[in-house]
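Written below as structure tokens is the structure these notes are about.
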Number of protein chains: 2
Amino acid sequence: MHRHEGHDACRSDAPDMLARAEALCRERGLQFTPLRRDVLEAVAESDKAQGAYDIAERLSAPGKRVAPVSVYRALDFLMEQGLVHRIASRNAFIPCAHGHAPGEGVIFLICRSCGAVDETSSADVEGGLERTLERAGFTPTHSILEVEGDCGACRERERTP
Amino acid sequence: MHRHEGHDACRSDAPDMLARAEALCRERGLQFTPLRRDVLEAVAESDKAQGAYDIAERLSAPGKRVAPVSVYRALDFLMEQGLVHRIASRNAFIPCAHGHAPGEGVIFLICRSCGAVDETSSADVEGGLERTLERAGFTPTHSILEVEGDCGACRERERTP
DNA sequence: GCGGGTTTGTTACAGTGTATCACCGCCAGA
DNA sequence: TCTGGCGGTGATACACTGTAACAAACCCGC
Ligand SMILES: [Zn+2]
Ligand SMILES: [Zn+2]
Ligand SMILES: [Zn+2]
Ligand SMILES: [Zn+2]
């Protein structure tokens, strides 16, 4: 359920990601254009959440500038297809590490010292939330759960200075 | 635990809020200045989440303009004191309806049709989340849980057009 | 080739939040 | 009383985030 087995291999699944995205688009009859590919690759190149403007800058070269608005459009598309998540508390984006069942809740774990964002889920949390909303007479359409703190790797690093 | 007993009385607790805030500041040796008072009052005047710029505009009068930056500073103060919450998914602010135990998780219920934001909490959800984080080796410092959907009142209104 | 949808480029703009510096009011300490 | 610090405010400018609008390019089926 976690993105990291150890704490490397973060970007080793980037090519895998691109292949998965391409297959998924073909299956749905959608266009996996070069821009969308580049944006997804840029997002997948780091396990840190990246801002749209960072991505735009990274994709821009002396001869060819990629405007932020283009990046936003590509990100919108990739989010609709479930390939990318937006981290609301950071105004930033991460690649989705593992596809989700429709309607499944995701929990984002954001490390405040290394900036890495991991994603997980919990039937426990989800069930509790469902009951709570039911009791409150509230019908949910979408929810976000983002936790900031220290990841295991950083806490370890902290202990041995 | 909910802000509304029925679904009125939303702003009837605004004066109460101000008194509470003043007492709290005195107790902590902090200044409850006119600006901070005005900002809190403006936030408490609606059960909808309001943007900082909206508040600034509302507090501005022909003779006296309140700059957004001042509002942000007041909001920062009020958030530190737990009197106001920020809704990350809306870039907006709501008054805290009922003080929280330190470290207690809050769940924001954001109605997409009437815009009202209610807050609640759940030991169930909190326990589940704690276990999940423990299992993931993640030490949390702060978490946000925001749910968008339809509140009971709006769903009722929907059913009887 | 042609027509109509989709994608991209470009520009401009709106919305959100912060940095900086100057000024004021207050109060402790010389 | 003076004075220096300190927290709060005003004011300007700026950075960052996101969207609207329109034109051009592209693709794909007819
Ligand atoms: Zn995911
Ligand atoms: Zn970390
Ligand atoms: Zn609250
Ligand atoms: Zn509602």
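The model shown is predicted, which means the values in this text are computed figures rather than measured ones. A note on names: the letters A, B, ... follow the listed sequences, proteins ahead of strands, and every chain is numbered from 1.
At a cut-off of 3.5 Å, with distance as the only test, a side-chain donor of A:R155 or B:T139 sits close to an acceptor on the other residue. For the residue pair A:R58 and A:Q50, a side-chain donor N or O sits within less than 3.5 Å of a side-chain acceptor on the partner.
Side-chain N or O atoms of B:E148 include none that pairs as donor or acceptor with a backbone N or O of B:R112 at under 3.5 Å. No donor-acceptor pair closer than 3.5 Å links the side chain of B:E156 to the backbone N or O of B:A153. Remark: the backbone N or O of B:V106 is not paired with any side-chain donor or acceptor of B:S121 at under 3.5 angstrom. Using a distance-only test at 3.5 Å, with no hydrogens or angles considered, no donor-acceptor pair links the side chain of A:R37 to the main chain of A:F32. The main-chain N or O of B:S89 is found under 3.5 Å from a side-chain atom of B:E146 such that the two form a donor-acceptor pair. B:S60 contributes a side-chain N or O that, together with a main-chain N or O of B:A56, makes up a donor-acceptor pair within less than 3.5 Å.
Distance, B:F77 CZ to C:dT18 P: 18 Å, rounded to whole Å. In this structure, OH of A:Y72 is placed 16 Å from C1' of C:dA12, rounded to the nearest angstrom. What separates CG of B:L75 from P of D:dT9 is a distance of 12 Å, to the nearest Å. Remark: P of D:dT17 and CG of A:D76 are 16 Å apart, rounded to the nearest angstrom. Between the CZ atom of A:R90 and the C1' atom of D:dG18 there is a distance of 19 Å, rounded to whole Å. When the P atom of D:dC16 is taken as reference, atom CD of A:Q50 falls 15 Å away, rounded to whole Å. Computed from coordinates, the B:I87 CD1 to C:dG15 P distance equals 20 Å when rounded to whole Å.
Contact annotation: the side chain of B:I144 never approaches that of B:F108 to less than 4.5 Å [non-hydrogen atoms, C-beta and beyond]. The closest side-chain heavy-atom distance from A:L109 to A:V117 is not below 4.5 Å.
The listed nucleotides are D:dG8, C:dG17, C:dT10; the one nearest the side chain of A:A67 is C:dT10. Counting only heavy atoms from C-beta on, A:N91 has its side chain closest to D:dT17 among D:dT17, C:dT11, C:dG17. Listed candidates were C:dT8, D:dT12, D:dG10. Nearest to the side chain of A:R36 is C:dT8. Listed candidates were C:dT18, C:dT7, D:dG10. Nearest to the side chain of A:T33 is C:dT7. Distances were taken from every side-chain heavy atom of B:L35 (C-beta onward) to each of C:dG9, C:dT7, D:dT9; the shortest belongs to D:dT9. Nearest to the side-chain atoms of A:F93 among the listed nucleotides C:dG17, D:dG18, C:dT7 stands D:dG18. Distances were taken from every side-chain heavy atom of A:S70 (C-beta onward) to each of C:dG17, C:dT11, C:dG9; the shortest belongs to C:dG9.
A:V66 comes within 4.0 angstrom of nothing in the nucleic acid, heavy atoms only. Among the protein residues, B:R86 comes within range of the sugar-phosphate backbone only, with heavy atoms under 4.0 Å from sugar or phosphate atoms but none that close to a base.
Within residues 20-27 of chain B, no residue has any heavy atom closer than 4.0 Å to DNA chain C. Contacts between residues 51-60 of chain A and DNA chain D, defined by a heavy-atom separation below 4.0 Å, involve A:Y53, listed by number.
Toward the 5′ end of DNA chain D lies the nearest nucleotide of B:Q31, the other residue of the pair A:V69 and B:Q31 mapping further downstream.
Side-chain N/O atoms of B:R73 and base N/O atoms of D:dG7 include no donor-acceptor pair closer than 3.5 Å.
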